Asker: 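The following block contains the structure, expressed as structure tokens.
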Amino acid sequence: MDICKHCQSKSLAANKLVESEIEELEHSCVSVDFLQGEIIFKQDALSSNIIYIRTGLVKVHIKGPDRDQILKIAKGPTYLGIPTTLGDKVNNYSATSLTHVSVCFVDIRTFRHFIENNSEFAYEIILDLCKEELSYYHRCVNQLQKHSAGRVADALLFFADEIYLSKTFNLPLSRSELGDLTGNSRESVSRILAEFNQQQIIQLKGRGIAIINHSLLKEIGKKG
DNA sequence: GCATTAACCACAG
DNA sequence: CTGTGGTTAATGC
């Protein structure tokens, strides 16, 4: 089987693997499809695989003292859960599919082999983790210092500019989940979206969003 | 004090 | 699951 060799959504890191390593990957990698709303891995469960999202959207979320907090929305192709798989025996957070998702489970021992033996692979992984960490820092300040409308504006811009690359899209989240993502109550999210709609900043119909005034939304996000 | 912000509650589609 | 209105607590002027 050449499933890994000819994979259409291979990671930058996996592109650095040599022939024999690709073969090793094929022997230790299991591909699974998830429907929308299924748990890919669960907080507090034992984990011995690195997850690679080939296609689809996933929410990464952690239980807070009060409510769930969505740490990030991940879009394939991307690795998921490297920190929690390498850094602890159990998952420190959960991942749930928001769309149809196609993922690969890579055995942690194989993954470790690659890191130890292939410096180019390791470098790509580190690069990825660094970028992730930097974006966490930014999200962290934003989350803590911006007002609720600013956080919602940022979330909408994130979906438009980074996930869908379009001004019109369907939110993959319920109001309550959008609250978990932006650190708002679901009621606040409803109200803020209704206001944006009324002010002609967006056009809202259920989960359907059309961004009308992109620059104003950006301004709201910037000012917080 | 008074205004603003945002969470919580309750109830209705 | 969503939207809305009333209430409430914290914060700022």
Side-chain angles (χ1 to χ4, degrees), chain A residues 33-45 53 55-76 80 91-103 135-224:
Chain A
D33 278 11
F34 290 90
L35 300 176
Q36 180 186 112
E38 293 190 299
I39 295 172
I40 298 168
F41 60 83
K42 194 172 165 56
Q43 184 170 357
D44 299 329
I53 308 292
T55 59
L57 275 188
V58 171
K59 71 165 174 176
V60 177
H61 50 118
I62 187 167
K63 277 211 158 313
D66 200 21
R67 291 179 283 109
D68 230 32
Q69 172 74 42
I70 297 182
L71 296 170
K72 67 167 175 178
I73 306 291
K75 181 172 75 161
L80 211 60
N91 294 317
N92 286 213
Y93 44 77
S94 304
T96 304
S97 59
L98 295 174
T99 61
H100 277 242
V101 167
S102 171
V103 328
S135 89
Y136 274 120
Y137 292 160
H138 289 292
R139 251 175 295 155
C140 191
V141 211
N142 289 342
Q143 191 84 316
L144 290 168
Q145 299 189 359
K146 283 183 182 177
H147 285 174
S148 53
R151 299 198 300 268
V152 173
D154 280 350
L156 294 178
L157 290 169
F158 166 74
F159 282 115
D161 298 341
E162 292 178 47
I163 298 293
Y164 295 109
L165 311 177
S166 162
K167 289 188 197 296
T168 64
F169 56 89
N170 282 311
L171 276 174
L173 304 175
S174 68
R175 298 294 132 111
S176 169
E177 286 175 310
L178 200 52
D180 292 341
L181 175 65
T182 58
N184 287 308
S185 66
R186 62 159 251 283
E187 293 98 325
S188 293
V189 170
S190 281
R191 277 188 252 261
I192 289 162
L193 287 179
E195 273 174 37
F196 286 172
N197 185 44
Q198 190 200 328
Q199 293 164 197
Q200 309 268 302
I201 299 170
I202 63 171
Q203 205 174 82
L204 182 67
K205 40 181 155 42
R207 290 192 180 191
I209 304 276
I211 294 181
I212 298 168
N213 195 335
H214 191 273
S215 55
L216 182 51
L217 203 55
K218 217 161 184 169
E219 197 59 32
I220 293 169
K222 200 175 164 189
K223 286 190 177 164

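To find a chain, count down the sequence lines: A is the first, B the second, and so on, and within it residues start at 1. Keep in mind it's a predicted model, so treat the numbers as computed, not measured.
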Asker: Just N and O in the side chain of A:R175: are any of them under 4.0 Å from OP1 or OP2 of C:dG3?
Answerer: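 Affirmative; the distance criterion is met.
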Asker: Donor-acceptor pair, distance only, cut-off 3.5 Å: does the side chain of A:R151 make one with the backbone of A:T182?
Answerer: yes
Asker: Scan A:D66 against the nucleic acid and name what it touches under 4.0 Å (heavy atoms): base, sugar-phosphate only, or nothing.
Answerer: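 Sugar-phosphate, backbone atoms only, no base.
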Asker: Give the nucleotide from the list B:dA6, B:dA10, C:dG5 with an atom nearest to the side chain of A:H147.
Answerer: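 Nearest to the side-chain atoms of A:H147, counting from C-beta on, is B:dA6.
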Asker: Using the rule given for side-chain contact (heavy atoms from CB on, under 4.5 Å), can you reason through A:I40 versus A:S97, listing the C-alpha separation, both sets of side-chain angles and the distance that settles it, and then say yes or no?
Answerer: CA-CA 7 Å; A:I40 298 168; A:S97 59; 4.2 Å; yes
Asker: Once you round it to whole Å, what is the distance between C1' of C:dT11 and CD of A:Q145?
Answerer: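 It is 16 Å, rounded to the nearest whole Å.
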Asker: Measure from CD on A:E195 to P on C:dG5 and round the result to the nearest Å.
Answerer: 12 Å
Asker: Nearest-Å distance, CG (A:L173) to P (C:dC1)?
Answerer: 13 Å
Asker: Can you tell me how far the CZ atom of A:F159 sits from the CG atom of A:L171, to the nearest 0.5 Å?
Answerer: 6.0 Å
Asker: Other residues, nucleotides and ligands only: do more than 12 of their heavy atoms fall within 6.0 Å of CD on A:Q203?
Answerer: no
Asker: Check the angle between the aromatic planes of A:Y164 and A:F169 and answer parallel, tilted or perpendicular using the 30° and 60° thresholds.
Answerer: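 Rings of A:Y164 and A:F169: parallel, under 30°.
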Asker: Both A:E187 and A:A149 contact DNA chain B. Which one's nearest nucleotide lies toward the 5' end?
Answerer: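 With A:E187 and A:A149 compared, the 5'-side residue is A:A149.
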Asker: What nucleotide, of C:dG3, B:dA6, C:dG6, holds the atom closest to the side chain of A:S188?
Answerer: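 Among the listed nucleotides, the one closest to the side chain of A:S188 is B:dA6.
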Asker: Do the side-chain N or O atoms of A:S174 get closer than 4.0 angstrom to the phosphate oxygens (OP1, OP2) of C:dC1?
Answerer: no
Asker: Heavy atoms under 4.0 Å, any strand shown: does A:G183 hit a base, just sugar-phosphate, or nothing?
Answerer: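 Result for A:G183 = sugar-phosphate.
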Asker: Below 4.0 angstrom from OP1 or OP2 of C:dT2, is there any side-chain N or O of A:R207?
Answerer: yes
Asker: Grab the CG-P distance between A:L204 and C:dT2 for me, whole Å please.
Answerer: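 It works out to 11 Å between those atoms.
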Asker: Can you tell me how far P of B:dA7 sits from CZ of A:R186, to the nearest Å?
Answerer: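 Whole-Å distance recorded here is 12 Å.
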Asker: Side-chain N or O of A:N184 less than 4.0 angstrom from OP1 or OP2 on B:dA7?
Answerer: yes
Asker: To the nearest angstrom, how far is A:K205 atom NZ from C:dG3 atom C1'?
Answerer: 18 Å
Asker: Compare the minimum distances between each of B:dA7, B:dA6, C:dG3 and the side chain of A:R191, then state the nucleotide with the smallest one.
Answerer: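 Nearest to the side chain of A:R191 among the choices is B:dA7.
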Asker: Specify the separation, in whole Å, of atom CZ of A:R151 and atom P of B:dA7.
Answerer: 7 Å
Asker: Calculate the interatomic distance between A:D180 atom CG and C:dC1 atom P; express it in whole Å.
Answerer: 11 Å
